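Residue numbers start from 1 in every chain, and the chains themselves are labelled A, B, ... in the order their sequence lines are given, proteins ahead of strands. All figures in this text were calculated on a predicted structure; none of them were measured in a lab.
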Number of protein chains: 2
Amino acid sequence: MSLIQIYQCMCDETRLRILNLLQAGELCVCHVQEILNEPQVKISKHLSYLKTRGMVEVRREANWMIYSLPTRPSRELKSNLACLQDCVAEDPVFRRDTAKLAKLRGKFTDTSPICCAKANRATAVAK
Amino acid sequence: MSLIQIYQCMCDETRLRILNLLQAGELCVCHVQEILNEPQVKISKHLSYLKTRGMVEVRREANWMIYSLPTRPSRELKSNLACLQDCVAEDPVFRRDTAKLAKLRGKFTDTSPICCAKANRATAVAK
DNA sequence: CGAGCATATACCTATTAAGGTATATGCAAG
DNA sequence: CTTGCATATACCTTAATAGGTATATGCTCG
């Protein structure tokens, strides 16, 4: 993953919002979708874009695809993610996303991973 | 200039190389052209791209257009330029550009601004 | 094995980007 | 006022992006 590719990934608002969310931990597609309030196909395609460029990793958990930032990020990626974090700290859209995520997280007893799989299991247990 | 625009400006190698050079000070088009070894039209168009997005400023000095980074960069821009600097510090292409610029600078007695205007005046004086 | 859920992909359209060639602009020097 | 230099712009072509609609895939559960 080259520096150029990092910037290519970061030059779209939807992708920036996704990356911002993933900094707080892994997420399944449906939760990203819910937080950003965008159509499934849009989210899916942006995640795919990020994945082909090595900006995110995926694993499957039953029906759900769980996306996360690379476990071993390059120095460039680390720098840029930190920079992003710094830049959006006071941006209303990003703050709102982060707040929404925290709220979603609040629905679960433990902290990670957050995904529909867990949501489902949680509600299953609740029943 | 939004954060997205900053990343849009940074997602092309030519533009990254230009921004890297400009971090060392203002430059005229012909010197950028010489250092990057790319056609005039290519450089000019990328500079224009950067300018319309507020990433660079321009002033005319006789025949020459002298480009520089904004005198009052936003916090986001400052962060990202610093991050870029950090990321390319060991990249051979960027290092070579910087070295070439230093060599060019070496041709002049004083340090700034470096541009063809100055080169011309210098040779004129030499004559 | 059939239905349903979460996600991905095919396909289409419109927009933008990147590069090239040719030409125009603006200034300065004679 | 013409020439030359530095730079910008118009115009063209090709490729990449972004978004949408429709459909396919892969898994789970009954």
Side-chain angles (χ1 to χ4, degrees), chain A residues 2 4-5 7-18 26-53 55-68 113-124 127, chain B residues 4-5 7-18 26-53 55-68 113-125 127:
Chain A
S2 71
I4 302 292
Q5 284 183 313
Y7 288 125
Q8 283 174 345
C9 287
M10 299 179 84
C11 73
D12 174 274
E13 186 178 4
T14 304
R15 289 196 293 267
L16 270 193
R17 292 173 70 189
I18 292 173
E26 57 182 17
L27 274 171
C28 69
V29 181
C30 55
H31 276 184
V32 176
Q33 193 181 328
E34 190 181 337
I35 295 170
L36 300 200
N37 194 30
E38 297 279 2
Q40 182 263 328
V41 66
K42 181 170 173 179
I43 300 295
S44 181
K45 281 199 284 190
H46 279 298
L47 283 168
S48 165
Y49 184 107
L50 292 170
K51 191 184 152 212
T52 58
R53 282 156 184 82
M55 285 285 284
V56 298
E57 291 172 355
V58 205
R59 70 166 208 276
R60 176 181 282 278
E61 188 168 326
N63 258 335
W64 301 271
M65 302 300 282
I66 300 184
Y67 284 82
S68 54
I114 216 173
C115 65
C116 291
K118 176 138 298 191
N120 243 48
R121 281 195 306 268
T123 47
K127 287 179 206 159
Chain B
I4 302 292
Q5 284 183 313
Y7 288 125
Q8 283 174 345
C9 286
M10 298 180 84
C11 72
D12 174 273
E13 188 179 2
T14 303
R15 288 196 291 268
L16 270 193
R17 292 173 70 191
I18 292 174
E26 56 182 16
L27 274 171
C28 68
V29 180
C30 56
H31 276 182
V32 175
Q33 192 181 330
E34 189 180 336
I35 295 170
L36 300 200
N37 195 31
E38 297 279 3
Q40 181 263 326
V41 64
K42 183 170 172 181
I43 301 295
S44 181
K45 281 199 285 190
H46 279 298
L47 283 169
S48 165
Y49 185 106
L50 292 170
K51 191 183 152 214
T52 58
R53 282 156 185 82
M55 285 285 283
V56 297
E57 291 172 355
V58 206
R59 71 165 206 277
R60 177 180 282 278
E61 188 168 327
N63 256 334
W64 301 272
M65 300 300 281
I66 301 185
Y67 284 83
S68 55
I114 217 173
C115 65
C116 291
K118 177 140 296 189
N120 244 47
R121 282 196 305 268
T123 46
V125 168
K127 287 180 206 158

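- For D/dT17, neither phosphate oxygen OP1 nor OP2 lies less than 4.0 angstrom from any side-chain nitrogen or oxygen of A/Arg15.
- Regarding A/Tyr7, its OH atom lies at a distance of 21 Å from the C1' atom of D/dA16, rounded to whole Å.
- We find that CD of B/Gln33 is positioned 7 Å from P of D/dT7, with the value rounded to whole Å.
- For B/His31, no side-chain nitrogen or oxygen approaches OP1 or OP2 of D/dA6 to under 4.0 Å.
- Remark: P of D/dA6 and CD of B/Glu34 are 11 Å apart, rounded to the nearest angstrom.
- Under 4.0 angstrom from either OP1 or OP2 of C/dA6 there lies no side-chain N or O belonging to A/Tyr67.
- One interatomic measurement links the two molecules: OH of B/Tyr49 to C1' of D/dA8, which rounds to 18 Å at whole-angstrom precision.
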Atom pairs under 3.5 Å, N or O on each side, protein against nucleotides 26-30 of chain D: can you list them with distances?
residue, atom, partner, partner atom, Å
D/dG26, N2, A/Asn63, OD1, 2.6
D/dC27, O2, A/Asn63, OD1, 3.0

Heavy-atom contacts, protein to nucleotides 9-14 of chain D, under 4.0 Å, summarised as B (base), S (sugar-phosphate only) or - (none) per nt, yield B-----

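- Phosphate proximity of C/dG19 to B/His46: present, with a side-chain N or O under 4.0 Å from OP1 or OP2.
- For the pair B/Arg53 and A/Met65, both in contact range of DNA chain C, the more 5′-proximal nearest nucleotide belongs to A/Met65.
- Nearest to the side chain of B/Pro39, among C/dG20, C/dA8, D/dG19, sits C/dG20.
- The listed nucleotides are D/dT17, D/dG19, D/dA6; the one nearest the side chain of B/Cys30 is D/dA6.
- In this structure, CD1 of A/Ile43 is placed 14 Å from C1' of D/dG20, rounded to the nearest angstrom.
- Of all non-hydrogen atoms in A/Glu61 and A/Ile66, the two that sit nearest each other are OE1-CD1, 3.4 Å.
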